[in-house]
Amino acid sequence: MMASSKKRIIYLEDDEFTRQMVKSQFENAGFSVDAFSSFDELMKTLEQDKCDIVVTDLHVHGHDPAQLIKSIKMAHTHSLVVLSGVAVEVPGANLVIEKPLSDQGIKAVIQLLPEEEVKVNLSKVLKFACGDQGLLRRYVSTFIENYEKDLLMLKREVSNGNNKEVESLAHKMLSSVSYYDQGSLIELLQKLELYASEMSKKQILDDIQQIEHHSGKLLSGIRKQVWF
């Protein structure tokens, strides 16, 4: 789900079981996570170290929720995610997620991260074009057109439950993407190519959502670099 350079979460939760479970969920999603049971430890870390997102339980023993949020916001200017046992509005929070943390909740957290511009390695395609910039643009234009069509077909076959065709399309897309050294996208397509027949529709749809995200960044990066 995440890029190769891990984003860091600092997490506060005084219940040990919940803390370990949520920490594992975020780590499985590709985050680096430092989890604390103590508010004082959290604040000390925020004063000394940088992070991308702070996640906290709303009700930490011995602390007023409103003051807790206010103190964290004063020490941390980036995104703040609050986990709560019930759906509530929390002034100062960028996102409130009702517990237990779900895949959809994790995706919502990821959306808080700033978009990183993808630097696409065009050297393989440029070599294939013998260094001719005009030919490079034609190759890239053809790739973009065909890839966007294949992505639409891939989504359609998933909706139709045709997992064998999903494997075939993933293989085709993988062959073209391999010229651009996009590790995360390649891994996702390889997974569908090899295992789509064994995966549930929900598992495939989750991967398709990630494929669309990475594909969008790849195509945007290509267009910018070749002045489309």
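Note that this is a predicted model, so its numbers are computed, not measured.
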- Query: What pairs of residues pass the salt bridge (Lys or Arg N to Asp or Glu O under 4.0 Å) test when at least one of them lies in residues 18-28, not counting sequence neighbours?
  - Reply: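 For residues 18-28, and leaving out neighbouring residues, the salt bridge (Lys or Arg N to Asp or Glu O under 4.0 Å) pairs sorted by first residue read Lys23-Glu27.
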Ion pair present between [X] and [Y], side-chain N to carboxylate O less than 4.0 angstrom?
X: Lys44; Y: Glu41; answer: no
X: Glu145; Y: Lys149; answer: yes
X: Asp206; Y: Lys202; answer: yes

Quick one: side chain to side chain contact (heavy atoms under 4.5 Å, CB included) partners of [X], sequence neighbours excluded?
X: Lys172; answer: Asp150
X: Ser24; answer: none
X: Leu135; answer: Ala129, Asp132, Arg138, Tyr139
X: Lys99; answer: Glu13, Asp57, Leu83

- Sort and list the pairs that fulfil side chain to side chain donor-acceptor pair (under 3.5 Å) and have at least one residue in residues 63-73, not counting sequence neighbours.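 For residues 63-73, and leaving out neighbouring residues, the side chain to side chain donor-acceptor pair (under 3.5 Å) pairs sorted by first residue read Gln67-Ser71.
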Is the backbone of [Y] close enough, under 3.5 Å, to the side chain of [X] for a donor and an acceptor to pair up by distance?
X: Gln182; Y: Leu218; answer: no
X: Ser84; Y: Ala87; answer: no
X: Asn94; Y: Val81; answer: no

- Item | More than 12 heavy atoms of other groups within 6.0 Å of Met74 CE | no
- Message: Is it true that, when you exclude Gln48 itself, more than 12 heavy atoms of the residues, nucleotides or ligands shown sit nearer than 6.0 Å to its CD?
- Response: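 Atom CD in Gln48 is packed in, count exceeds 12.
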Common cluster, [X]/[Y], ILVMFWY with side-chain heavy-atom separation under 4.5 Å:
X: Val82; Y: Leu46; answer: yes
X: Leu95; Y: Leu12; answer: no
X: Ile9; Y: Ile106; answer: yes
X: Val177; Y: Val140; answer: yes
X: Val166; Y: Leu185; answer: yes

Sequence-distant partners of [X], side chain to side chain donor-acceptor pair (under 3.5 Å), two or more places apart:
X: Asp52; value: none
X: Ser215; value: Tyr147
X: Asp34; value: Arg8
X: Gln25; value: none

- Task: Keeping to residues at least two apart or across chains, list the ring pair (Phe, Tyr, Trp, His ring centres under 6.0 Å) pairs with something in residues 167-204.
- Result: Phe143-Tyr180
Does any non-hydrogen side-chain atom of [Y] lie less than 4.5 Å from one of [X]?
X: Ile208; Y: Leu192; answer: yes
X: Ile69; Y: Thr56; answer: yes
X: Gln190; Y: Leu174; answer: yes
X: Val109; Y: Ile97; answer: yes
X: Asp181; Y: Lys124; answer: yes
X: Met173; Y: Leu151; answer: yes
X: Phe26; Y: Leu101; answer: yes
X: Leu113; Y: Phe31; answer: yes

Quick check for you: to the nearest 0.5 Å, what is the distance between [X] atom [atom1] and [Y] atom [atom2]?
X: Lys107; Y: Gln210; atom1: NZ; atom2: CD; answer: 7.0 Å
X: Ser200; Y: Leu205; atom1: OG; atom2: CG; answer: 8.5 Å
X: Asn121; Y: Gln225; atom1: CG; atom2: CD; answer: 8.5 Å
X: Glu165; Y: Arg156; atom1: CD; atom2: CZ; answer: 8.5 Å
X: Asp15; Y: Gln20; atom1: CG; atom2: CD; answer: 10.0 Å
X: Leu189; Y: Ser184; atom1: CG; atom2: OG; answer: 11.0 Å

What is the minimum heavy-atom distance between [X] and [Y], and which atoms define it?
X: Ser178; Y: Ile186; answer: CA-CD1, 4.1 Å
X: Ile204; Y: Ala196; answer: CD1-O, 3.7 Å
X: Glu157; Y: Leu169; answer: CG-CD1, 3.8 Å
X: Leu154; Y: Ala170; answer: CD1-N, 4.4 Å
X: Met199; Y: Lys191; answer: CE-CE, 3.8 Å
X: Pro65; Y: Leu58; answer: CB-O, 3.6 Å

- Message: Under the criterion side chain to side chain contact (heavy atoms under 4.5 Å, CB included), I'd like the reasoning laid out for Leu42 against Ile72: C-alpha separation, chi angles, the key distance, then a yes or no.
- Response: CA-CA 9 Å; Leu42 174 86; Ile72 293 174; 3.8 Å; yes
- Message: His213 vs Ile110, test: side chain to side chain contact (heavy atoms under 4.5 Å, CB included). Steps then yes/no.
- Response: CA-CA 11 Å; His213 174 70; Ile110 292 173; 5.7 Å; no
- Note on the structure: Across all chains, not counting sequence neighbours, the ring-ring contact (aromatic ring centres under 6.0 Å, His included) partners of Tyr11 are none
- Consider only side-chain N and O atoms of Ser38 and Asp40, and report whether a donor and an acceptor are under 3.5 Å apart. no
- Please test Glu98 against Val88 for side chain to side chain contact (heavy atoms under 4.5 Å, CB included), starting from the C-alpha separation and ending with a verdict. CA-CA 8 Å; Glu98 189 173 352; Val88 293; over 6 Å; no
